[in-house]
There are 2 protein chains.
Amino acid sequence: MDVKTVCLGLLSFGEASGYDLKKHFESTIDHFYSTGFGSIYPALAALADEGFVTCTAVPQEGRPDRKVYRITPAGEAALRETLATCEPMHKTRSEFLALLYFAHMVPPDRLRELIDGRIAGMQQGLERLNASACPARHSWPASVQFVQGFGAALLEAAVRYLRENRHLLETPPATRGRRRVA
Amino acid sequence: MDVKTVCLGLLSFGEASGYDLKKHFESTIDHFYSTGFGSIYPALAALADEGFVTCTAVPQEGRPDRKVYRITPAGEAALRETLATCEPMHKTRSEFLALLYFAHMVPPDRLRELIDGRIAGMQQGLERLNASACPARHSWPASVQFVQGFGAALLEAAVRYLRENRHLLETPPATRGRRRVA
DNA sequence: CGCAACATGTAAGCGGTTACATGATTAC
DNA sequence: GTAATCATGTAACCGCTTACATGTTGCG
């Protein structure tokens with residue numbers, strides 16, 4: 001499932017511009033599928049080419065036309081087909097965890113800063129998720145809430161684990177009695 | 001931090017062949033940084049070119065020479081440098097969550113099967129992590145244990161969340177009184 | 001005065017995945 | 001017999017990231 005499909009799925013919630021989609025990505029999707037304008041705009045153009053969306057240019061003052069996309073019946077059928085048949089993967093690529101894996105080669109100060117930073121970043125992500133969940137004014141389906149809850153649950157677990165176990169990385173090995181005071 | 005750096009890091013634990021590294025990736029790294037031979041072999045060749053590892057060919061019967069790689073002092077320095085200065089990212093790309101996000105477009109049976117499959121896959125991953133953690137015979141540093149524990153904690157949280165909240169996706173919306181019997 | 005938000009797009013480049021190529025041994 | 005394990009590599013392809021390109025409005 002590529003960016004095109006995700007954009008098509010988002011358009012199944014209602015019409016939107018590329019800019020709108022980017023904001024949607026940032027607010028609730030970023031934690032499991034992040035992307036940028038460089039992927040979104042070409043995706044929308046391709047979807048329009050295939051007849052899966054229509055595009056209406058809304059003139060604006062002092063800005064490029066706002067291009068509003070709407071999903072077509074063909075697009076909805078294609079989306080259902082893709083969702084019904086694709087083999088959805090799930091993968092994490094974390095240089096952060098890789099670095100921790102090699103903690104024995106990382107200066108202690110650096111290690112501490114990185115872990116502090118990561119915890120802070122995760123709590124920020126948590127706040128962002130909860131913030132966009134609160135309003136409850138959306139016409140979005142329950143699944144959105146579900147996926148945000150999933151992200152929040154994982155973030156909470158990650159923060160807890162880091163807090164409770166970082167000492168395993170940060171205490172000196174103590175093998176070979178190095179720096180033993182007594 | 002690319003595949004090259006991770007391979008170099010793994011070689012800081014001790015000598016290994018490309019094949020060995022692949023097994024190491026599969027057993028304990030896969031959950032946060034997966035890769036294949038197509039990345040590992042070129043990475044090792046590049047590291048050898050740069051003088052960060054040496055390569056000793058060990059002849060075998062009926063098989064290609066086993067090429068054993070060892071990190072050099074220059075390689076260790078380069079590794080420390082990279083780990084001390086890189087900006088480690090952490091990102092998840094989940095088509096699975098994307099699909100759940102659009103659950104309103106997915107046939108209920110398919111949805112159930114996918115969630116069941118994902119839970120099963122996660123529990124398998126959990127068993128694999130615990131299995132490779134148990135032996136305790138490794139000369140690997142504590143950080144390895146730490147990272148495996150991290151993976152396990154997240155998997156557990158994910159399984160729990162899916163179990164406890166899947167009904168939110170699987171019960172019909174009930175809006176507009178569809179299929180209301182009474 | 002400078003920065004953020006609004007708004008859309010192109011194109012090079014990069015890293016990684018996938019498929020291909022080869023081939024013996026061992027266990028079921 | 002047929003699948004899995006051992007063992008190494010090459011190369012095309014592909015999608016995504018990044019940088020570039022442009023320009024107005026409004027806020028502090």
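Side chains included, hydrogens not; waters and symmetry mates left out as well; all remaining heavy atoms used. To find a chain, count down the sequence lines: A is the first, B the second, and so on, and within it residues start at 1.
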Output the rounded distance in Å from [atom1] ([X]) to [atom2] ([N]).
X: A/Arg93; N: C/dG15; atom1: CZ; atom2: P; result: 12 Å
X: A/Glu61; N: D/dT25; atom1: CD; atom2: P; result: 8 Å
X: A/Lys4; N: D/dC14; atom1: NZ; atom2: P; result: 13 Å
X: A/Tyr69; N: C/dG9; atom1: OH; atom2: C1'; result: 10 Å
X: A/Ile40; N: C/dA7; atom1: CD1; atom2: P; result: 14 Å

Fit a plane to each ring of [X] and [Y], take the angle between them on a 0 to 90° scale, and name the class: parallel (under 30°), tilted (30 to 60°) or perpendicular (over 60°).
X: A/Tyr161; Y: B/Phe150; result: perpendicular
X: A/Tyr41; Y: A/Phe37; result: parallel
X: B/Trp140; Y: B/His24; result: parallel

Examine [N]: is either OP1 or OP2 under 4.0 Å from a nitrogen or oxygen in the side chain of [X]? Give yes or no.
X: B/Arg66; N: C/dA24; answer: no
X: B/Gln60; N: D/dC6; answer: no
X: B/Tyr33; N: C/dG16; answer: yes
X: A/Ser39; N: D/dG15; answer: no
X: A/Thr35; N: D/dT17; answer: yes

* Asked: Which of the following nucleotides, C/dG16, C/dA7, D/dA7, is nearest to the side chain of A/Tyr41?
  ->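 Closest nucleotide among those given: C/dA7.
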* Go through D/dC6, C/dT17, D/dC16 for me and flag the one nearest to the B/Lys23 side chain. =>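 Between D/dC6, C/dT17, D/dC16, the one nearest the side chain of B/Lys23 would be D/dC6.
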* Does some side-chain heavy atom of A/Asp20 sit less than 4.5 Å from a side-chain heavy atom of A/Arg66? -> yes
* Remember a base hit wins even if backbone is also touched, and classify A/Arg63 as base, sugar-phosphate or nothing at under 4.0 Å, heavy atoms. => base
* B/Gln124, CD: over 12 other non-hydrogen atoms inside 6.0 angstrom ->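 Not buried by this count: 12 neighbours or fewer within 6.0 Å.
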* Residue whose nearest DNA chain D nucleotide is more 5′ - B/Val68 or A/Gly36 -> B/Val68
* Want to settle it: does B/Asp20 or B/Lys91 sit nearer the 5' end of DNA chain D, counting the closest nucleotide to each? -> B/Asp20
